[in-house]
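Worksheet: one structure, shown below.
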Amino acid sequence: MSAVTTTVAATAAVARGTSQVRRRRRLSPGRRLPAARLVGPVLLLALWAAASAAGRLDPAAVPAPWTVVRTGVHLWTAGTLPTDILTSLRRAASGFAIGLAAGVLLALAAGLSRAGEALIDGTVNLNRAIPTLGLIPLFILWLGIGESFKVAIIAIVVYIPIYLNTHAALAGIDHRYVELAEVQGLSRFAFVRQIVIPGALPGFFVGLRLGVTGSWLGLVVLEQINATSGLGYLMFQAQNYGQSDVILVGLVVYGVFGLVSDSAVRLVERRVLSWRRTLSS
């Protein structure tokens, strides 16, 4: 009789444990869906196509998707679109590289030194409070209307979020790790490599994603100011001639570049931070 009672009690305990596990699992988002980030854009495209086919949209204001595709193919075969895309990519890449390097170096200097924090943090936050696009007239006076001022503005747009998030991650490192490194007698280089960099990577990647997006947002504005090439210039010229389909081609290309670059950063983030166990993983 006691054996039967013990078996029943064990079965009940296992059932309760299984029930608790199931209840806990319901709190998580669940398994990651393949190509889940494309669902929203595809749904938006389907609604756009359905509204155009039903005549709900004015073709002069919002052309149908197939009209935009046809215009994009024409611009590509004519050689206009590839040239403008390469010009825009070169500008965005140059500004992003400078902003990335500046943001990381300034964050490390401010996060690892009280003197660096006193000199850098307040200055960066003052720069953040000033609208970056409001600096365009001043930078044109300083650097002229060529490529330099465009790259400089993009670099400023990029370095601010990278600095802020990386610096916040550095400031949030648990001080017990610092004490442990001191007890272990780690050198400054080993401390940065083993404690600082792993602790700052999550914040760095958040800033990197914001910086990538910011580079495209800044580019679309800058290429409409005293430019003779680029996607923004193509859209500005199309505005003068009322070519809404060309404008939409430019917006779609910007959107695709933004989505692809953000997805690339997220992929690298998942690889580098694979040791973390989070909701997204």
Side-chain angles (χ1 to χ4, degrees), residues 28-42 44 85-112 120 124 128 132 150-174 177 181 189-220 222 231 251-281:
S28 67
R31 295 175 60 87
R32 183 183 297 274
L33 300 176
R37 301 191 69 208
L38 297 178
V39 173
V42 170
L44 180 62
I85 288 177
L86 290 176
T87 302
S88 296
L89 286 175
R90 185 173 61 251
R91 289 169 179 157
S94 300
F96 179 79
I98 296 173
L100 174 62
V104 171
L105 292 177
L106 290 175
L108 289 175
L112 300 178
I120 296 172
V124 174
R128 180 172 67 95
T132 305
K150 298 180 180 65
V151 173
I153 293 294
I154 293 173
I156 293 175
V157 172
V158 170
Y159 100 89
I160 291 177
I162 292 178
Y163 169 85
L164 292 176
N165 287 276
T166 306
H167 181 264
L170 288 171
I173 294 177
D174 196 325
Y177 294 127
F189 175 76
F191 169 68
V192 171
R193 182 172 59 86
Q194 299 180 22
I195 304 296
V196 172
I197 293 179
L201 279 177
F204 165 73
F205 277 110
V206 173
L208 188 63
R209 291 181 60 192
L210 293 174
V212 168
T213 304
S215 65
W216 296 114
L217 294 178
L219 184 66
V220 69
L222 293 168
L231 289 171
L251 291 176
V252 168
V253 174
Y254 274 125
V256 169
F257 282 161
L259 182 62
V260 170
S261 56
D262 183 72
S263 299
V265 173
R266 288 167 64 98
L267 178 61
V268 174
E269 179 184 12
R270 284 199 298 270
R271 300 279 182 166
V272 174
L273 303 180
S274 59
W275 49 269
R276 293 198 309 167
R277 291 296 177 262
T278 62
L279 283 177
S280 62
S281 60

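In this text the structure is predicted, and so the values were computed from the model without any measurement.
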Checklist entry - Just wondering, do Val157 and Leu217 contact through their side chains at under 4.5 Å, heavy atoms? => result no

Item to check | Sequence-distant partners of Ala190, side chain to side chain contact (heavy atoms under 4.5 Å, CB included), two or more places apart | outcome: Leu186, Ser187, Gln194

Checklist entry - Of all residues at least two apart in sequence or in a different chain, which pass the side-chain hydrogen bond (donor to acceptor under 3.5 Å, both in side chains) check with Ser261? => result Trp216

Item to check | Pairwise side-chain hydrogen bond (donor to acceptor under 3.5 Å, both in side chains) hits with a residue in residues 195-215, at least two apart | outcome: Arg209-Asp262

Checklist entry - Is there a side-chain contact between Leu259 and Ser263, using heavy atoms and a 4.5 Å cut-off? => result yes

Distance-only donor-acceptor hits, side chain of residues 88-95, under 3.5 Å, sequence neighbours excluded:
residue: Ser88; atom: OG; partner: Asp84; partner atom: O; Å: 3.1
residue: Ser88; atom: OG; partner: Glu223; partner atom: OE1; Å: 3.0
residue: Ser88; atom: OG; partner: Glu223; partner atom: OE2; Å: 2.7
residue: Ser88; atom: OG; partner: Leu231; partner atom: N; Å: 3.0
residue: Arg91; atom: NE; partner: Glu147; partner atom: OE1; Å: 2.7
residue: Arg91; atom: NE; partner: Glu147; partner atom: OE2; Å: 3.2
residue: Arg91; atom: NH1; partner: Glu223; partner atom: OE2; Å: 2.9
residue: Arg91; atom: NH1; partner: Ser229; partner atom: O; Å: 2.9
residue: Arg91; atom: NH2; partner: Glu147; partner atom: OE2; Å: 2.8
residue: Ser94; atom: OG; partner: Arg90; partner atom: O; Å: 2.9

Item to check | side-chain contact (heavy atoms from CB on, under 4.5 Å) evaluation trace for Val212 with Phe257 | outcome: CA-CA 10 Å; Val212 168; Phe257 282 161; over 6 Å; no

Checklist entry - Quick one: ring-ring contact (aromatic ring centres under 6.0 Å, His included) partners of Tyr254, sequence neighbours excluded? => result none

Item to check | Pairwise side-chain hydrogen bond (donor to acceptor under 3.5 Å, both in side chains) hits with a residue in residues 157-173, at least two apart | outcome: Asp121-Tyr163, Asn127-Tyr159

Checklist entry - For Leu86, what residues pass the side chain to side chain contact (heavy atoms under 4.5 Å, CB included) criterion, not counting sequence neighbours? => result none

Checklist entry - Tell me, which pairs form a salt bridge (Lys or Arg N to Asp or Glu O under 4.0 Å) where one or both residues lie in residues 157-167, sequence neighbours left out? => result none

Item to check | By side chain to side chain contact (heavy atoms under 4.5 Å, CB included) - contacts of Arg128 (at least two apart) | outcome: Asn125, Ile160, Leu164

Checklist entry - Among all residues two or more places apart in sequence or in another chain, which pass the side chain to side chain contact (heavy atoms under 4.5 Å, CB included) test with Val192? => result Leu112, Val196, Ile197

